[in-house]
Every structure is written in C-alpha cells, then in structure tokens.
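Input: a single structure, listed below in structure tokens.
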Amino acid sequence: MNKDTHSHTRLEIGKSHPRGDAADKAAGREKYAADHYPENVLWAGAVRAGIAHGRLLAVDVSQAIALPGVITILTAKDVKGSNRQGIIHKDMPVLVDDRILYCGDPVALVVAETKDILSRAIALVRFSTETLPAVFDPESAMAENAPLLHEAMPGNFLMQAEIRKGDAESEFSACDAVVEDEFSTPVQAHGFLETENGVAWQELDGKIVMIVSTQAPFRDRLEIGHAVGLPFGNIRMISPALGGGFGGKDGATVQCLLALAALHTEGRPVKMQWEREENMLAGYKRHACRMRYKLGAKKDGTLHAIHCNLVYDTGAYAHLGGEVMELGMEHAAGPYRVPHTLIEGKCVFTNNPVGGAMRAFGVCQATFAFESMMDMLADRLGMDRLAIRQKNALVEGDENCAGVRMITSTGIAGCLDILGDHPLWRSANNWKQECPPGRKRGIGLASVFNAAGYGGKVRDSAIAKVELSLDGRIIVHSAVTDMGQGNSCAFSQIAGHMLGQSPEFIELRQPDTATAYPSGSSSAGRTTYTFGNALIKACEDMKARLINRAGLLLFIDNDRDLALEPGKVTHGPSKRDVSFTQLASFMPHEDRVCISQFVAPVCEDIPDTAKGFFIAFPHIIFAYGAHLARIELDTATGVITVCDYLAATDGGGIINPSMFDQQIQGGVAQGLGYAMMEDFQIREGKPLTKDFTGYLIPGSLDLPDTISIPFLGHESTGPFGLKGVGEVAMNGPLPAVANAVHDACGVRIFHGPITAEKVLAAMNL
Amino acid sequence: MDIKFTLNGNSQSLSTEPDRRVIDLLREDLGLTGIKEGCGTGECGACTVLMDGETRLSCLTLAAQIDGRDITTIEGLQDMEEGIILQKAFEEQGAVQCGYCIPGMEMAALPLLTLHPNAARNDIKIALSGNLCRCTGYVKIVDAVEQAGREIAVKKEGL
Ligand code: FES
Ligand code: FES
C-alpha cells in the first residue's frame, strides 16, 4: 500500500490501517516533550537526598549559587502551596521540608543556564541530615516498634483490606486436594525510553504553561496546583506523544518541580529531563510482592476454596499503592469460579523507592502465584493442565472471586479453546520428544484477565471534542495521552469511520488542557474505551450537523439523501455537493464544534465482600487471555530460551487488528522481561540498578515472535464492542514460563524472575 | 574548536567544545531532534547515527571525533531510496508504537539492508540487538526490515 492509495482510503473500523502517527515517528518528525528546546531555555534539576531515612537539618547553597550561570536554587521554604503531591494521598514533598523518607527525595531544586552548569551546581549543594532508623522490607516495617514513616499511618500500613466470600477457612476440609505455597515477585522498572521530562514557562498574565511527558494532563493540574499553590485554572498542560509510559508517567514526576522553577525564572522557559539514573532512583516502580496461597479443589478439579495473603511493598509514599493492592486482590483467584474465597492484602510503607502504577498493576504479581498454583493442583489431581482451567473458567452470569456477578463479555473460555486447538499445544508432546540432547523442553500455560477502568467510586469519564476546521478538516481533540499504545490513532480511525473520511481529512490533536475537555488519565485499560465512546457520540452529532448545514446551503428540505464523503457532503439525486471548506466558512465557530461525554458504567449490585477498600472497587469489565509458552532449557547452564509464545486474547471488538497485536506482543515482551531477567535491586533503600547496564530488558534476540490471536468477542458497552487490551498480556509470561520450566525439568521457581542461576540451583538440589 | 563534517549530504562547519557529545550537538545546537536519548550510556541505541556509513552511538561520540566525517541522521533518510523504503515499511508493518526507538532502529537496519537486502530474519535480529524497544516485542520491527529488504532487493535486481 503506498501513501497515495491509502490516503484516499476511507478509514474503517476493523481494518489494519497504518497508524496515523507512524509516518512522522518513522521519519523522526514527531515532537515529544523531550524534543522541545525553547529559545533562552534554562535547565532545572533536583538535588536528591541519597539517604533512606532521616531529618533534613540545613541546606547550604552558598557554593552552588556562586557558580556563574546558576539562576536560582529553591528549597522547601520557596514552595507556596501544600508542598505535597500525590494522586489520592498528598504525602510526597515537592522539596523536603523535614523528613527524608527515601534516597530519591529532592532536597533542593537548582536552575541554571546550561545542563553542564546544572550538574556542577547540583554537586555543590551541601545539606546536613540526621539519620533515622529505616525499614527496607514490609515484614520489618510491620513489626512492633518499627520506625513509622507517616505519623498518620500506624503500623506503616497504607492499606489493609480483605475480600471474603463464602467460608474459605472451614471449606478446605471439604476439598479433596489442597496445595499451599509462597511466592514473590521483584520490583520492575518501566524502562520507557523517553525519561521523565518537560518544559515550563510563566506567561505575562501569570499562567504556567507546561509541555510534559505525562499520562494525566488534566489531573496533573490539580496535583501541581495543590502542591505549589497555583489555582489550577492558571496551569495549562500540553501532553504530546510520549516515548513510552506504561503507568510510570501517571502522577507527577517532573511537574511540580518544573512549575516551581518556572515561578522563579521571570518568564524564561525551564527544562527538566531526568537522566536514566535519576529515572531508576526517583521514577515510580512496580511493587514487589510477597504472596502466600492455599488453594483447594474437589476430586474432579472443581475449585472450591482459596485463602491468600498478599503483601505489597509500596516504598516511601502512597502514590497509587492502595489501588494497586486492591486490584491485585480483585484478581487474586484468577478468572475462575471459586465459591469460597478469603483474600487478604496489606500495602506497606518502607524506605524503598516509590511503588506506583505499572501496566497490569497489582495483577501480574497475583497471577504468578495463582497460575502456578493451578498447575500444582492439576499435578496433585493428575489432571490435564488445560482441562482444569477450562473446567473452572468464568462464564457470563458467574460470580468472580470478589463476588461480583459477571454481566459483561467474559471470553476466557473462548481464549482457552483457541489455545487448545492450536498446533503449538496439539503438537506439544511431539515437540518435547524431539528435544536435542543436553536440553529439556517444556510447555506452560496461563489464564489471565485484567480489569478495565477505575472501578467503583471514581468517576471514569472522558469528554470528546471534534471540530470542523476552517480548512475543511475534522479535528479530533484528544484529551487522553497517547503513550505509544495508539489510542489517538484509534480515535482518528473512529472519527474517519463515523464521518466517512480518509486520513487526510482527519487531524488528531494531542491533549492540551486549553483546548480539549477534562478527561481521565491514559491508564487502566480505559483510554480507548472511555474516550472512544465519547467520540462516537460527538461524531454522530457532527455528522448530523454537517448534513443539516449542507442541506441549508443546497436548498434541500430534508436530510435523507445527503451523505458524507471525504472532504464534502454530497446529495446523490442532484449530484451536487458542498465541500467542508465551504461549510466551515458558513458556520460560526461554536457551530463547528461538537462535544460529548461518556461515563463508564459501574457495578450496580456491589457485593458485601470487601472490607478496608477505599475506592476503585469493584470492576465490571475485564479483558481475558490464555497464554502458552514453549521453552527449551539448557541443562548445563539453566539458560531458558522461549521458543514460541502464543497469546489468545478477548479484548472484545477490534478497531485495528494490527494495533491490537502491537499491544499483545508488547505486553508479552514486557512480561517476558519480568519473567526472566528484570530484577530491580535495592540494598538498604539504595538502587543498585542504575541504568540499562545493570537493568536488563529484553532485546531482539531474547524474545520469540509472539503470536497474537484474538478471540472475537463483543463488549456491548464498548466503542464498536471494544475492551482495553493494553494491560492483560503483561500478566501471562511469568506464570507461563514458570509452568513451562516445571514441565521441562520438574523444578518449580517460586520467586521471580526465573533466571538461569535459580533454575540451575533448583535442578541441582 | 572548529569542526567540519558532512551532515545528511551537506557540508557543515561550526565551532563547538571538542568534548561536546554529538547527540547534544545534533539535537540542541542543530535542532535535529529525530534521534533520541534513551540512556546516555551506550545501552539503548536510540541515538544511533551513521558515520561514514557505519552505525555509531551519538551519545558516546564527541564533537572532535566527527571532524572530517560523513554523518547521516534519521532526517537524512528521506533523501535516500533505501531510507524511504525503510520508513514506509515501518509504517505499513505496524512496527511503530511510541516511536522513541524507531529512528535508532532504522539507522541500525540501514547498513545491513544496503549490504544484504536479503538478510535472514535472525541476521536482522542480530543487527538490531543493540537497540532496545520497550513497546513492541520486536516482531513487527523485524517484519518491517524484512519487507524493506525484499523491496530493496527487487530494486537492485531491476537495475
Ligand atoms: S542514548 Fe545512546 S545508546 Fe542510549
Ligand atoms: S516503539 Fe516505543 S520504544 Fe520502541
């Protein structure tokens, strides 16, 4: 397909049109936040505490400020607002005013003429501290008399919660087989290639304008305004395409510091970009988790009772730690029917780097434990590993482990069937027998699911705006960031489809709070779902309006025979048309704009199963998947090669099959990194992992060519039947590889990642 | 120091610090922001340029080292037949997600395709193994390089 042919092709739902942003990105023309170097720009950077717990006694900036080219050095006393940032709990200082709670806490903010002067000045800022006893793991943080991180949080608990359905404790005695074990998962870094960054400046009227690599431009204004003392109407956020996000740019990173700097530079723009090492230290991370599981079933494999206990290390500040844990708990028994469940969760503060949102948050931890348990149970019962999953798979009308009735599309059984019919599964035994000497082959499965949307008690909404521009094109004002997942391209495709347009008549604007309408974040598998629904309605209105106004111009007394075509409205019977440019010059500005809101549905029938939850419970829409990994193990070294990987996914209807596969292949890649190599090391609160030399993420030679197969479902509440699929695929690889390793050599790894050393050590036991 | 080099086919002379990183020279001083900085330590490949036709990490290269050399950046691909084919293949194969690694990927693929347009899938993976992508899992990136290779091979045979 060359540019000429596809540019006149009307955009249609269900077609693999090239992404609207691909040409610019492939040519290096896309402008990310990091690509902005306004004239006269200054550089800002934070001085980081470097100790895990202490009291900040004094900051001495005298040497640093004397350095030529240093504009200003700000400390906590310069922060006019609450000096506390955070999405839900405002507990994280913009600049430390008293206690230091982890190594990455910023104690001062330096602004300088150049990057070079900035780094020299940062090194010259002196500060004195009193070291306090610290806690580096949840167990010691929960111990009696442990030092408290936050006065208002006794026991260092950010949250303690429970889901109780039926009577798990006594029903284990009614089970024929019970398996029990303990698992853990490591901290994971997002590893997006564009580190946290932005530019900001103050306009003459006092407003702060910021171009930031952020997943939540609208909500950022609340966080910044609160922290640095600005009315949020005085903050304009612009969020261009992101060089990756995966949750790590949800919640303020550079925002508050940058706004603070811009308030002190008399209108000169300020740029801040974290280096990779600063990203590793101060960027949010996936929560490490320790999980105890007990699972019981009847002889025929019917799951009967589960009791589990999940402990998440949230690090020094709350961020979304409570919500991460809650979501993990809601998924803790897998996409299965289990009548008796007792799921306990604890989210605990430590003096470690801050845990935050990351793709499939909370869930990929629990999935590792649960799906390993399913294989252990199958072995105990002598059952087929696929059959036991199929037998227990949730179907519409069932209650899930949190007691929520599944009233939306529930395609896990369909995904498992795809897997069962696939040659990679059917030829499994032959393939294993053909194993070369010195190797062992194994096959592992995992059923996965992931909730979409914010969950109960949080309004999950988006407002779409479409505009007919004076030059005769349809502008879609996206209000939710595109961090790479392609939601903005899906929006173009939706608008094109609804309005009968080809790509050259659709212009997509990335979020700008000055022109788009308040919408939620780019996260939680909700981005395309929520905004897409709003956009459909806005496009319907726009279509009706364009037709109506064309009718006026053409002196036609009804709308019946008028239709939209690329760039124009046509009247079939009279073969006349009106171009969009003519229409635009005829319509006043308000008339050329259509706005529509969508609010995602919430559970109407909330079960009385959850205690201690704050918000975000329960969810009612889930994406599902069934994964299969075929691995080969080198028995001399323990090195694992993933030979094949298959992911069957129920994401409901599909807007663009190629983009659907992108999300699945990308999620699996990140999941395989998590499964086999990514292990963010922290010692006494200090990251030992400083860059990509120490933190290995998968390269082109580390991954198989993942096969993605959609289960063609339909979610009646979704735009064109769609459910979000950004997160679900992340959950499969760790348990699938663990199960494959066990299948290959009889050894089970309980603590991720599954490295060669661990496998070898376990084999030699 | 004063340095002279060829940049995307045009001669360029400028005065800069000899130890200025080439990535900063290109992005900040010359406004060529197509190449990206993903790590600054030679691990990710997002900053890849061609120097005398071979891949080079611009975050580890200093201004003095490009004096007298021929530098090609992603912005120069539109003037090369192989470059145009390659970019189109990335677009059509769905190889682009966030796109931050993509310019570097293309620069890494280009010398391979020029020499061996029919490179096997695994050789493509080897050629790209110094370039990290966090979004795609590489499948469609390798598909794109394969497609470009096929098209370049056809063009070459046609000559
Ligand atoms: S920025 Fe040069 S290799 Fe990463
Ligand atoms: S497309 Fe995002 S890093 Fe490769």
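Every chain is numbered from 1 and lettered A, B, ... according to where its sequence line falls, protein lines coming before strand lines.
For Ala95(B), the part sitting under 4.5 Å from any heavy atom of chain A is the backbone (N, CA, C, O) and nothing else. Using a 4.5 Å cut-off between heavy atoms, Ile126(B) contacts chain A through both its backbone and its side chain. With a 4.5 angstrom heavy-atom cutoff, Lys125(B) touches chain A via backbone and side-chain atoms both. Contact annotation for Gln87(B): both backbone and side-chain heavy atoms come within less than 4.5 Å of a heavy atom of chain A. There is no contact between Ala241(A) and chain B, counting heavy-atom distances below 4.5 Å. Neither the backbone nor the side chain of Asp143(B) has a heavy atom closer than 4.5 Å to any heavy atom of chain A. When heavy atoms are compared at a cutoff of 4.5 Å, Gln662(A) approaches chain B by way of both its backbone and its side chain. In this structure, the portions of Tyr100(B) lying under 4.5 Å from any heavy atom of chain A include both its backbone and its side chain. Both the backbone and the side chain of Leu703(A) come within contact range of chain B, each with at least one heavy atom under 4.5 Å from a heavy atom of that chain. If you measure heavy-atom distances from Cys44(B) to chain A, the contacts under 4.5 Å come from the side chain alone.
Considering only heavy-atom pairs separated by less than 4.5 Å from chain A, the leading option among Cys101(B), Gly83(B), Cys135(B) is Cys135(B). Contact count versus chain A (heavy atoms, under 4.5 Å) is highest, among Leu77(B), Leu128(B), Leu132(B), for Leu132(B). In terms of non-hydrogen atom pairs under 4.5 Å with chain A, the most contact-rich of Gly34(B), Ala144(B), Gly38(B), Cys39(B) is Gly38(B). For the set Asn656(A), Ile697(A), Asp482(A), the count of heavy-atom pairs under 4.5 angstrom toward chain B peaks at Ile697(A). Taking Gly31(B), Gly94(B), Gly130(B) one by one and counting their heavy-atom pairs under 4.5 Å with chain A, the maximum is reached by Gly94(B).
Across all their heavy atoms, Thr136(B) and Gln665(A) have their closest contact at O-CB, 3.6 Å. Closest approach of Gly99(B) to Lys25(A), counting heavy atoms only: CA-CD, 4.0 Å. Residues Leu701(A) and Ser129(B) approach most closely at CD1-CB, 3.6 Å, considering heavy atoms. Across all non-hydrogen atoms, the minimal contact from Gly137(B) to Ala669(A) is CA-CB, 3.4 Å. Residues Ala26(A) and Ile102(B) approach most closely at CA-CG2, 3.9 Å, considering heavy atoms.
Remark: the backbone N or O of Pro698(A) is paired with a side-chain donor or acceptor of Tyr138(B) at under 3.5 angstrom. No donor-acceptor pair closer than 3.5 Å links the side chain of Arg134(B) to the backbone N or O of Leu193(A). The backbone N or O of Cys98(B) lies less than 3.5 Å from a partner atom in the side chain of Tyr32(A), making a donor-acceptor pair.
A salt bridge does not link Arg276(A) to Glu43(B): none of the charged side-chain nitrogens sits closer than 4.0 Å to a carboxylate oxygen. Using a cutoff of 4.0 Å between basic side-chain nitrogens and carboxylate oxygens, Arg20(B) and Asp116(A) are not scored as salt-bridged.
To the nearest 0.5 Å, atom CG of residue Asp35(A) and atom CZ of residue Arg27(B) are 4.5 Å apart. Here the OG-CD distance, from Ser658(A) to Glu92(B), works out to 11.0 Å after rounding to the nearest 0.5 Å.
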